Amino acid sequence: MKLWVLLTLVLLWEEIQNGLCQQIKRRKEAGENRIKPGNKRVKVRFPKLKEKEAAGKGQSILTQVLDKGRFLRLGDTLTLATKTTMELRCKGTRIEWAYPSNLDTFKDSRLSIKQQDKYSQLILTAPSAADTGEYSCWAILCDGAECEKDMDRVSSTYIYFTDKDELFVPSAIHFEIIYLRPEKPATVPCRVTSPQIKVSLHREVPPEEVFIDGTLFSYNPTKGFIIQQPSPEHKGVFYCKAIGNNTPQISNKYQLLYVEVPSGPPFATIQGSTTVAKGGDNINFTCTVLGEPEQHINFTWTYPGQGQRPVSIQETFRLINRGVGHTTRFSQSVIIIEDTETIDYGKYICRAKNQHGETAVSAKVDSY
């Protein structure tokens with residue numbers, strides 16, 4: 001009897017021990033993923049390169065530095081007062097800038113640009129109404145010695161420098177010629193120093209205000225008046241009138257000339273002073289191009305005695321008014337050979353080149 005009771009107690013003790021072990025195991029499994037504060041480091045997930053690029057794309061990298069270390073991310077336009085120093089920053093380790101041409105033309109000492117470790121800094125002291133225009137910056141990508149503009153990291157802002165005494169952006173040219181072509185819009189560049197200024201366009205003779213319908217004629221304060229489809233009836237002398245604080249101002253005058261020569265490679269001709277010559281004669285060849293009024297022509301010559309004897313080359317151009325407001329540029333290059341020798345006989349080739357292409361023409365001179 002006593003043996004049976006003792007055996008029962010032993011079995012009961014083993015059951016109790018097994019139950020306690022199972023409870024401890026379950027508690028451990030349930031709590032094994034718990035993190036005790038301060039006992040385990042949390043791994044920080046950094047964004048992948050593509051995620052960084054996606055986040056930065058489309059955001060402006062151009063900012064204005066305000067007082068007390070504050071910054072303003074710039075949009076399409078910004079209006080500032082004159083005579084107050086402006087500081088811009090462009091994010092990047094290698095940055096290039098563009099700004100109104102008057103600051104570059106005269107190497108203005110008021111402008112300074114410095115590249116820092118993580119940004120480029122542009123500072124303009126004592127800005128004036130003439131400094132109104134587009135300011136832009138872009139990052140440069142380099143692969144060894146080859147560098148290119150990063151088109152995904154380009155920012156620009158048009159900045160107005162307001163001046164109650166200068167409603168129009170001043171220009172060094174007081175009478176400007178605007179060429180009208182039927183195939184592309186023309187702009188009368190009377191820009192203003194504030195987008196709030198009201199502007200109108202006027203013809204001088206006969207005196208009248210031009211109706212701005214928003215289609216054929218439109219106005220953009222950052223560019224001026226835009227003529228979408230120029231025609232001969234738009235030629236003449238024009239000016240703009242601006243009103244700010246009830247005080248009108250008149251812009252410079254603009255001569256609008258209609259161009260009859262279409263855009264394209266130069267139309268060139270060549271004419272020699274003679275087709276035959278003898279030793280000791282002086283000869284010349286004239287290459288002529290009729291083209292667009294402001295289109296520069298680059299002339300080059302290939303001739304028989306090239307590199308063996310001296311020649312004289314003279315280049316000239318003039319604008320020809322062909323009536324009713326039509327204007328053409330008359331460009332010429334003349335090659336002169338003095339005291340002709342045997343090596344001078346042969347073909348003379350003139351090449352005339354503009355931004356649209358190149359044309360070659362030739363003429364010969366033979367010996368008697």
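No hydrogens, no waters, no symmetry mates; every other heavy atom, side chains included, goes into these values. Remember, predicted model here, so these are calculated numbers, not experimental data.
A donor-acceptor pair is defined here as one N or O able to donate and one able to accept, closer than 3.5 Å; such a pair exists between the side chain of Q115 and the backbone of Y119. Within the 3.5 Å criterion, the main-chain N or O of Y303 finds a donor-acceptor partner in the side chain of Q306. Put simply, the side chain of R73 gets close to the backbone of S60: a donor and an acceptor are under 3.5 Å apart. Of the possible donor and acceptor atoms, none in the side chain of S136 sits under 3.5 Å from a partner among the backbone N and O of S156. Side chain of S333 to main chain of C287: no donor-acceptor pair is present (N/O by atom type, distance under 3.5 Å, no hydrogens or angles). Listed for the T359 side chain is a donor-acceptor partner under 3.5 Å among the backbone atoms of P266. With hydrogens and angles ignored, the 3.5 Å screen pairs a side-chain donor or acceptor of Q249 with a backbone N or O of D165. Within the 3.5 Å criterion, the main-chain N or O of D281 finds a donor-acceptor partner in the side chain of T340. For T157 (side chain) and I159 (main-chain N/O), no donor-acceptor pair under 3.5 Å exists by modelled atom type. Between the K223 side chain and the N220 main chain, no donor and acceptor come within less than 3.5 Å of each other.
Annotation for R203 and V205: closest pair CD-O, 3.3 Å, computed over non-hydrogen atoms. Between D339 and G280, the shortest heavy-atom distance links the atoms OD1-CA, 3.1 Å. Shortest non-hydrogen contact noted between G305 and D344 is CA-OD1, 4.5 Å. Of all non-hydrogen atoms in P100 and T132, the two that sit nearest each other are CG-O, 4.0 Å. When all heavy atoms are compared, the tightest approach of K347 to P304 is O-CD, 3.4 Å. Closest approach of Y345 to S367, counting heavy atoms only: CE1-CB, 3.3 Å.
Aromatic ring pairs are classed by plane angle as parallel below 30°, tilted from 30° to 60° and perpendicular above 60°; the pair F225 and Y219 is tilted.
Remark: Q295 CD to R329 CZ distance equals 8.0 Å, nearest 0.5 Å. From K364, atom NZ reaches atom OG1 of T274 across 13.5 Å, with rounding to the nearest 0.5 Å. Rounded to the nearest 0.5 angstrom, R153 CZ and I140 CD1 are separated by 10.5 Å. Between the CD1 atom in I349 and the OG1 atom in T300 there is a gap of 9.5 Å [rounded to 0.5 Å]. The distance from the OG1 atom of T93 to the CD atom of Q116 is 12.5 Å, given to the nearest 0.5 Å.
With a 4.5 Å cut-off on side-chain heavy atoms, F330 and L319 do not count as touching. The closest side-chain heavy-atom distance from V237 to Y254 is not below 4.5 Å. Counting heavy atoms from C-beta on, the side chains of L124 and F161 come closer than 4.5 Å. Contact check for D131 versus M86: no side-chain heavy atoms found under the 4.5 Å cut-off. Looking at heavy atoms from C-beta onward, L167 lies out of side-chain contact with V192 at the 4.5 angstrom threshold. Contact annotation: the side chain of F299 never approaches that of R351 to less than 4.5 Å [non-hydrogen atoms, C-beta and beyond]. Residues Y348 and I337 have side chains in contact (heavy-atom distance under 4.5 Å, counting atoms from C-beta outward). The shortest distance between side-chain heavy atoms of L74 and L88 falls below 4.5 Å.
Judged by distance alone, the side chains of Q271 and T286 never bring a donor and an acceptor atom under 3.5 Å apart. Using modelled atom types, one finds no donor on one side chain facing an acceptor on the other under 3.5 Å when comparing Q64 with E87. Using modelled atom types, one finds a donor on one side chain and an acceptor on the other under 3.5 Å when comparing S120 with W97. Defined by atom type and a distance below 3.5 Å, a donor-acceptor pair is missing between the side-chain atoms of N298 and N354.
Under the side chain to side chain donor-acceptor pair (under 3.5 Å) criterion, the residue pairs touching residues 190-201 are Y158-R191, S200-H202, with sequence neighbours excluded.
Counted within 6.0 Å of CZ on F267, heavy atoms from surrounding residues, nucleotides or ligands total 12 or fewer; the atom is thus considered open. Counting heavy-atom neighbours within 6.0 Å of D76 CG, excluding the residue itself, gives a total of 12 or less.
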Item to check | side chain to side chain contact (heavy atoms under 4.5 Å, CB included) between F71 and R89, worked out | outcome: CA-CA 9 Å; F71 299 88; R89 290 187 182 181; 3.6 Å; yes
Item to check | W301 and F285: CA distance, side-chain angles, deciding distance, side chain to side chain contact (heavy atoms under 4.5 Å, CB included) verdict | outcome: CA-CA 10 Å; W301 286 91; F285 293 88; 3.9 Å; yes
Next on the checklist: I'd like to know whether V154 forms a side chain to side chain contact (heavy atoms under 4.5 Å, CB included) with I61, so could you lay out the CA-CA distance, the side-chain angles of the two residues, the decisive distance to 0.1 Å, and finally the verdict.
Outcome noted: CA-CA 7 Å; V154 179; I61 59 175; over 6 Å; no
Checklist entry - side chain to side chain contact (heavy atoms under 4.5 Å, CB included) between R94 and C142: does it pass, once the steps are laid out? => result CA-CA 9 Å; R94 191 161 186 170; C142 293; 3.2 Å; yes
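Salt bridge status for D163 with K83: absent, with no side-chain N to carboxylate O gap under 4.0 Å.
Taking F317 as the reference, nothing meets the ring-ring contact (aromatic ring centres under 6.0 Å, His included) condition, with sequence neighbours excluded.
In terms of hydrophobic clustering, with Ile, Leu, Val, Met, Phe, Trp and Tyr side chains grouped at heavy-atom distances under 4.5 Å, I123 and Y135 are assigned to different clusters. One hydrophobic cluster holds both L201 and L256 under the rule that ILVMFWY side chains link at heavy-atom gaps under 4.5 Å. There is a path of hydrophobic side-chain contacts, each under 4.5 Å, that joins L62 to L66. In this structure, I178 is not a member of the same hydrophobic cluster as Y239, with clusters built from ILVMFWY side-chain heavy atoms closer than 4.5 Å. Both L216 and I212 sit in one connected hydrophobic cluster of ILVMFWY residues. Membership requires side-chain heavy atoms under 4.5 Å apart, directly or through other members.
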